[in-house]
Amino acid sequence: MKGCAAVACRCAGPRARRAWGLSGRLIASYILVTLVVVVLVEALVLGFQVPSLVNGTQGQAQVDAAARSYAQQLSQRYPGGVPAGTVLGDPGQPAQPGLARPGPDGKLAVPAITGPIHSGQAVTAVVAIAADGTVVASSAPSRYPPGRAAASELPALATSAIAAGATHGIVKVPPASTPYGSVLWAVEPAGSASAGQPLASAPGLVAYVYVQAPWSSLPGFVNPIRAWSELGQLGDVGQLYTLYALLFAIVPVGVLFGLLASRRLVRRVRRLEQATLAVADGDYTVTLPASGRDEVGRLEANFTTMTRQLGSALDAERQRATGDARAAERARIAREVHDAISQHLFGLRMIAAGMRRADPGNQQARAIERISEEALRDMQALLVELRPASLDGAGLASALQEICAAYRDRLGVTVDASLDDVTVPAPVEHALLRITQEACANAVRHGNARRLAVSMTRQDGHVELAVRDQGTGFDPAAPHAGSGLAHIRDRVAELGGTVDIDSAPGRGAALTVRVPVP
């Protein structure tokens, strides 16, 4: 991890800029998506709501104009009071309850409805009201009969305006609700009320005119651009400012949410980047904890697995390179020994043999010849050990056959081999090969064996390797100067196997190894 920390310090600047670039792109995406959503929502709102507002505003203007017109007409036509039984409104207009129609002059067309009106049905109507708050006449006598109190028939806001003596009163959108539905209404003073004179209470004398129309909206959806233009023409600046403010508020909100949402992701990406730079510098011990189950978490887990595999592969490669170097060095030493020392010993033996033939009684020549022969034999055994057999993908049985053939061909040792073709893991193959080499070398060099028996079988989940000789033997319990047997025991213990040595001085030795295999 030191390499990771060093790389992190060295590359802090560029990495921070790249990380902020990722955060910036995420924030920009949040702002863009939010803007698109808000614009779409505002377009829908404008397309569906503005027509209703426009229609209500236009209808209110028509209602207000109709109230002023009827107030003037009633004051001029009936200065002494409206005769009993008068039905206001235009009898030429078709009675369409629930609908408001503009007249030819742009004012509200009020039909005279003499028939009954269904309960709960909002209608277009004009009502003349006396100073005492009673209905004088109306365009719909069945709904607003003369002589009734206006307070019981009209919207509460309208009656409050009449009671307060207001000179003018109109409803603002949204419309007022009445027992007969939602209506737009306007109150206009008439006669002496409009002139600022004392209100007269003569029968039929009109003091206020009340006009109402049913609330209706334009159906369907209109172009948002047209709706925006119409909203501006209506002068509803507050509504427009609200829409503008909402659009501008999206930017800081998007930045805030982008920072909050991307902070953890950016931190994870930075940590992953630091780890990759450390691996690039050769540190394969880097591990990353999986911080989630998403794609980044799986990438972190896969990265840790990759670094572990790379570390294991690198260790194996180093061991293989070390083993290859050792094998190459042993082969070089074997060549040097064969080309130099072995030739000198062979020459020494030939000289001693010539001296013995010239002087058969020369004991020193006999001793030199015997010692040189023994040294040459030991040297040949050492050369066999220095030139170890290799698996080379041929299998364990073939490698062991190669060892047996080397002892037969180079040392003249009789080797009886009985080797089953078994398939075992690579560590077991390597261990059994080295154990066979060590056992054969010990039998020839230390036990002076001239005959060996090597066998390998597989049974009951174990591989059994046995090396037997007819040499001088030894006492297994006695201490030994060499480390060959200790190495054999260590190798077998690493594999979870057992070693059995059966030997005694004068009767050879038998080495049996049992190793578990899957």
Side-chain angles (χ1 to χ4, degrees), residues 56 59-75 78 81-82 84-90 95-101 107-194 199-201 203-216:
Q60 182 66 64
Q62 294 173 359
V63 170
D64 192 31
R68 288 194 298 269
S69 176
Y70 273 97
Q72 294 175 0
Q73 292 178 15
L74 291 176
S75 298
Y78 307 108
V82 179
T86 301
V87 177
L88 303 179
D90 186 358
Q96 295 180 322
L99 295 179
R101 298 173 53 123
K107 301 183 181 65
L108 182 67
V110 181
I113 306 174
T114 56
I117 301 174
H118 296 292
S119 177
Q121 178 68 62
V123 296
T124 301
V126 57
V127 181
I129 304 170
D132 60 357
T134 59
V135 176
V136 175
S138 72
S139 63
S142 61
R143 173 65 59 81
Y144 305 105
R148 297 284 294 272
S152 63
E153 306 296 332
L154 305 182
L157 293 176
T159 57
S160 297
I162 293 172
T167 60
H168 189 70
I170 62 174
V171 71
K172 291 295 184 181
V173 185
S177 295
T178 71
Y180 311 110
S182 298
V183 295
L184 299 171
W185 60 269
V187 174
E188 187 74 21
S192 60
S194 62
L199 295 175
S201 58
L205 189 61
V206 179
Y208 299 97
V209 174
Y210 167 83
V211 178
Q212 73 172 28
W215 168 268
S216 62

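Count residues from 1 along the sequence.
Side-chain contact between Tyr70 and Val110: present, with at least one pair of heavy atoms (C-beta onward) separated by less than 4.5 Å. Within the 4.5 Å cutoff, the side chain of Ser75 has no heavy atoms near those of the Val206 side chain. Between Leu154 and Ile162 there is a side-chain heavy-atom pair separated by less than 4.5 Å. Looking at heavy atoms from C-beta onward, Val126 lies in side-chain contact with Val209 at the 4.5 angstrom threshold. Residues Pro141 and Thr114 form no side-chain contact, since every pair of their non-hydrogen atoms from C-beta on lies 4.5 Å or further apart.
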Tyr208 and Val127: CA distance, side-chain angles, deciding distance, side chain to side chain contact (heavy atoms under 4.5 Å, CB included) verdict: CA-CA 8 Å; Tyr208 299 97; Val127 181; over 6 Å; no
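When atom types are taken as modelled, the side chain of Thr86 and the backbone of Val82 share no donor-acceptor pair closer than 3.5 angstrom. Judged by distance alone, with hydrogens and angles left aside, the side-chain atoms of Arg68 form no donor-acceptor pair with the main-chain N or O of Val63 at under 3.5 Å. A donor-acceptor pair under 3.5 Å is absent between the side-chain atoms of Thr134 and the main chain of Ala130, judged by distance alone. Ser138 places a side-chain N or O within 3.5 Å of a backbone atom of Tyr144 that can act as its donor or acceptor partner.
Atom CG of Asp90 and atom OG1 of Thr124 lie 12.5 Å apart (nearest 0.5 Å). Distance CD1/Ile117 to OG/Ser142: 4.0 Å, rounded to 0.5 Å. Interatomic distance, CD1 of Ile113 versus CG of Leu88, reported as 12.0 Å (0.5 Å rounding).
Between Glu188 and Ala67 the shortest heavy-atom distance is CB-O, 3.7 Å. Here the closest heavy-atom approach between residue Ala149 and residue Ser152 is recorded as O-OG, 2.8 Å. Heavy atoms only, all atoms of each residue included: Ala122 and Pro214 are closest at O-CG, 3.7 Å. Closest of all the heavy-atom pairs between Ser139 and Ala125 is OG-CA, 3.2 Å. The two atoms that bring Ala112 and Val87 nearest to each other are CB-CG1, 4.0 Å, heavy atoms only. Closest heavy-atom contact between Ala71 and Pro189: CB-O, 3.6 Å.
Under 3.5 Å, the side chains of Tyr210 and Gln212 contain a donor-acceptor pair of N or O atoms.
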